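First up is the structure itself, then whatever we jot down about it.
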Amino acid sequence: MPGLRGQFYTDMLGICIVLMICLSAVHSQFPRACTTEAAFRTKTCCPLWKDNSPCGSLSGRGRCRDWTPLRRNKIPQVNDDRLDWPRFYYENTCECHGNYSGFDCGDCKHGYFGDKCDRKKMIIRREIRELSFLEKKRLFSYLALAKTTKSKDFVVLITGDRHHRETYRFIDASLYDVFAWMHYYAMKPILINNTFDLIKNFAHQGPSFPGWHRLAILFLERQIQLMTGDEDFSIPYYDWRGEKNCSICTDDLLGNNNAQGILTPYSHFSFWKAICSGFNYPDAYCPTADTEYKMERLHRKPGTTPYALNMPTFLDVENTLKLKEFDTPPFNETSLLSFRNALEGFLAPDGVTLKRSMHNLIHIYLGGTMSQIPISSNDPIFILHHSYVDKIFEQWIAKYNASPSTYPENNELGQSPTDCIIPFFPCYQNKDFIRKSTEFGYLYSVYNDKE
């Protein structure tokens, strides 16, 4: 019988890889350059940069680092491939210096631009109804481009059977679909000893929730900036406080829907289909990603769910911001007096009543694709919703002068302060995102606020 490492090589060499497009700097898994037979065999993701050195080491951008001494025990094959990310796939990855970032250190940290990443730039995220007609058109054009343009940087992982690593394949996807896939991948149930925990995942129901989604929105925003060359692009937000109905669910904004929930033909997003939709069973990773005709069309049915007839109020947001503790034991969906759990919406804004509210309530209220949480990121209203959730998070950080040290020690898998956020490259630790947004190069506009 081969050892675990030998079995890993055997399994990973059986992976089918679809490679079609050139490379450049990225911030997420799986970098195309690192899905080769050699990369999996050596467990190394340290691609050559423009200077023909790993991680741009000759230009002082970074170095290829062996993280093995800092890793935990070996990950048995009967456990989840995402545990102790990204160790199942790679032991050696780029460590970037200064303001450099990306899987090959070829990009800049969030908020920095220029060949040497020495130009700091601040963008302002505004409420979508603050945008001019031309700014809205630009937003919808960019999103359409992201949805229809195959990513030159990424491939996504698919399989119909997570237990058998020889079935894993990497395929092309559009830039927006890569973003949607990342949310889906982080949300799949965790596999331990060949058993799925259907409750636990790496992006929700724990202290990682605000930071994971902050990084995901930053990722999409940055990639659209790079794709278009528009450094001023920012993702707007949807301030849903006190709304009696979804005022942006109109064809000139995010799209109207018919009685069956299908977006109307006049919507900007009527042609969109949801990657990873259908066949959503625990032991699969997005098995229909390479078969578009099997994907579901986006659908939305705001205000039709009997137990979610209203959106959160101004007072709900105010009360959520009064909760001083970022998170509390047991650091899951039952945590009381927890800002994170109230913001996420398993806890009412009063801090003591366990019921759906805030973030979760919006997903349920909007219905359709948004109510199917793993694939909800396919609906572009997701990014506007989470941009506003991030604004609330930002207000809480400012109010209590929070910092990475605020992030609590806990035993939730993948959600400790120093765990790498799944599935991003380079390693971003969960605690890294309890910082003011200005450190990441963006601010929020004042819209119906008392600030």
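Just so we're clear, the structure is a prediction, and the values are computed from it rather than from any experiment.
Seen from the ring of Phe440, Arg435 does not count as a face-on cation partner, given the 6.0 Å and 45° thresholds. Relative to the ring axis of Tyr185, Arg162 does not place its NZ or CZ within 45° and under 6.0 Å from the centre.
A 4.5 Å side-chain heavy-atom check between Pro31 and Asp153 finds every atom pair outside the cut-off. Residues Glu296 and Ile375 form a side-chain contact, since some pair of their non-hydrogen atoms from C-beta on lies under 4.5 Å apart. A 4.5 Å side-chain heavy-atom check between Phe209 and His359 finds at least one atom pair inside the cut-off. Looking at heavy atoms from C-beta onward, Tyr307 lies out of side-chain contact with Lys355 at the 4.5 angstrom threshold. Contact annotation: the side chain of Arg87 never approaches that of Trp67 to less than 4.5 Å [non-hydrogen atoms, C-beta and beyond]. Contact annotation: the side chain of Tyr238 never approaches that of Ser387 to less than 4.5 Å [non-hydrogen atoms, C-beta and beyond]. Between His385 and Leu366, the closest side-chain pair of non-hydrogen atoms is not below 4.5 Å. Contact check for His268 versus Leu263: no side-chain heavy atoms found under the 4.5 Å cut-off.
The closest donor-acceptor contact from the side chain of Ser101 to the backbone of Lys109 lies at 3.5 Å or more, if one exists at all. Ser371 contributes no side-chain N or O that, together with a main-chain N or O of Ile364, makes up a donor-acceptor pair within less than 3.5 Å. When atom types are taken as modelled, the side chain of Thr304 and the backbone of Lys301 share a donor-acceptor pair closer than 3.5 angstrom. At least one donor-acceptor pair closer than 3.5 Å links the side chain of Asn430 to the backbone N or O of Gly414. Counting only distance, with no hydrogens or angles, the side chain of Lys188 and the backbone of Tyr281 share a donor-acceptor pair below 3.5 Å. Formation of a donor-acceptor pair under 3.5 Å by the Asp107 side chain with backbone atoms of Gly102 is not found in this model. At least one donor-acceptor pair under 3.5 Å links the side chain of Ser267 to the backbone N or O of Phe269.
Checked against the 2.5 Å cut-off, the SG-SG distance between Cys108 and Cys117 falls under it. Between Cys94 and Cys46, the SG-SG separation does not fall below 2.5 Å. Between Cys420 and Cys427, the two SG sulfurs come within 2.5 Å of each other, short of that mark.
Taking the six-membered ring where the residue is Trp, the centroids of Trp181 and Tyr285 are separated by 6.0 Å or more. Aromatic rings of Phe433 and Phe393 (six-membered ring for Trp) have centroids beyond the 6.0 Å cut-off, not under it. Within the 6.0 Å centre-distance limit, the rings of Tyr442 and Tyr444 are counted as a close aromatic pair. For Tyr89 and Phe30, the ring centers are positioned less than 6.0 Å apart. Between Trp212 and His204, a ring centre-to-centre spacing not shorter than 6.0 Å is recorded.
Scanning all heavy atoms of the two residues, the minimum distance from Ile275 to Asn378 falls at N-OD1, 2.8 Å. The nearest pair of heavy atoms linking Ser377 to His183 is OG-CB, 3.3 Å. Contact detail for Ser357 and Ala348: the closest heavy-atom pair is OG-CA, 3.7 Å. The two residues Pro265 and Ser270 make their nearest non-hydrogen contact at O-OG, 3.5 Å. Nearest heavy-atom pair, Thr320 versus Pro349, reported as atom, atom and distance to 0.1 Å: OG1-CB, 3.5 Å. When all heavy atoms of Asp419 and Glu412 are compared, the closest pair comes out as OD2-O, 4.4 Å.
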task = Let me see the working for Thr328 and Asn341 under side-chain contact (heavy atoms from CB on, under 4.5 Å), right down to the final yes or no.
result = CA-CA 9 Å; Thr328 61; Asn341 205 24; over 6 Å; no
Criterion side-chain hydrogen bond (donor to acceptor under 3.5 Å, both in side chains) on Thr250 and Asp252, from CA distance to verdict = CA-CA 5 Å; Thr250 59; Asp252 61 328; 2.5 Å; yes
query = Going through the checks in order, is the salt bridge (Lys or Arg N to Asp or Glu O under 4.0 Å) test met by Glu243 and Arg129?
reply = CA-CA 13 Å; Glu243 293 235 307; Arg129 288 162 291 195; 2.7 Å; yes
task = Go through Thr159 and Asp161 one step at a time and tell me if the side-chain hydrogen bond (donor to acceptor under 3.5 Å, both in side chains) criterion holds.
result = CA-CA 5 Å; Thr159 179; Asp161 188 350; over 6 Å; no
ask   = When you look at His213 and Asp390, which way does the side-chain hydrogen bond (donor to acceptor under 3.5 Å, both in side chains) test go after all the steps?
value = CA-CA 8 Å; His213 290 82; Asp390 185 70; over 6 Å; no
inquiry  = side-chain contact (heavy atoms from CB on, under 4.5 Å), that's the test. Do Asp350 and Asn319 meet it? Break it down for me.
reply    = CA-CA 6 Å; Asp350 63 10; Asn319 286 337; over 6 Å; no
inquiry  = Between Tyr142 and Arg138, does the side-chain contact (heavy atoms from CB on, under 4.5 Å) criterion hold? Intermediate values first, please.
reply    = CA-CA 6 Å; Tyr142 285 179; Arg138 180 184 67 163; 3.5 Å; yes
query = Step by step, would you call Phe326 with Trp396 a ring-ring contact (aromatic ring centres under 6.0 Å, His included)?
reply = CA-CA 9 Å; Phe326 173 69; Trp396 185 89; 5.7 Å; yes
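Rounded to the nearest 0.5 Å, atoms OG1 (Thr228) and CD (Glu231) are 9.5 Å apart. Residue Ile362 holds its CD1 atom at 10.5 Å from NE2 of His386, rounded to the nearest 0.5 Å. Rounding to the nearest 0.5 Å places NE2 of His110 at 12.5 Å from CG of Asn99. Atom OG in Ser208 sits 7.5 Å away from atom CD1 in Ile421 (nearest 0.5 Å). Atom OH in Tyr176 sits 5.0 Å away from atom CH2 in Trp272 (nearest 0.5 Å). With values rounded to the nearest 0.5 angstrom, Leu175 atom CG is found 10.0 Å from Thr148 atom OG1.
Here the rule is ring-ring contact (aromatic ring centres under 6.0 Å, His included) with Phe219, and of Tyr428, Phe154, Phe425 only Phe154 fits it. Leu443 pairs in a side-chain contact (heavy atoms from CB on, under 4.5 Å) with only one of the listed residues (Lys391, Lys436, Arg126, Met122), which is Met122.
Ionic pairing of Asp316 and Arg241 is not present here: no N-O contact between side-chain nitrogen and carboxylate oxygen is shorter than 4.0 angstrom. Using a 4.0 Å cut-off between a side-chain N of Lys or Arg and a carboxylate O of Asp or Glu, Arg125 and Glu394 do not qualify as a salt bridge. Ion pairing between Arg61 and Asp104 fails under the 4.0 Å rule for side-chain N and carboxylate O. One finds no salt bridge joining Glu292 and Lys273 here, because no Lys/Arg side-chain nitrogen approaches an Asp/Glu carboxylate oxygen to under 4.0 Å.
Side chain to side chain, Thr264 and Asp251 meet the donor-acceptor criterion of an N or O pair below 3.5 Å. For the residue pair Asp66/Thr68, the side-chain donor-acceptor check at 3.5 Å is satisfied.
The environment of Ile124 atom CD1 is sparse: at most 12 non-hydrogen atoms of other residues, nucleotides or ligands sit within 6.0 angstrom.
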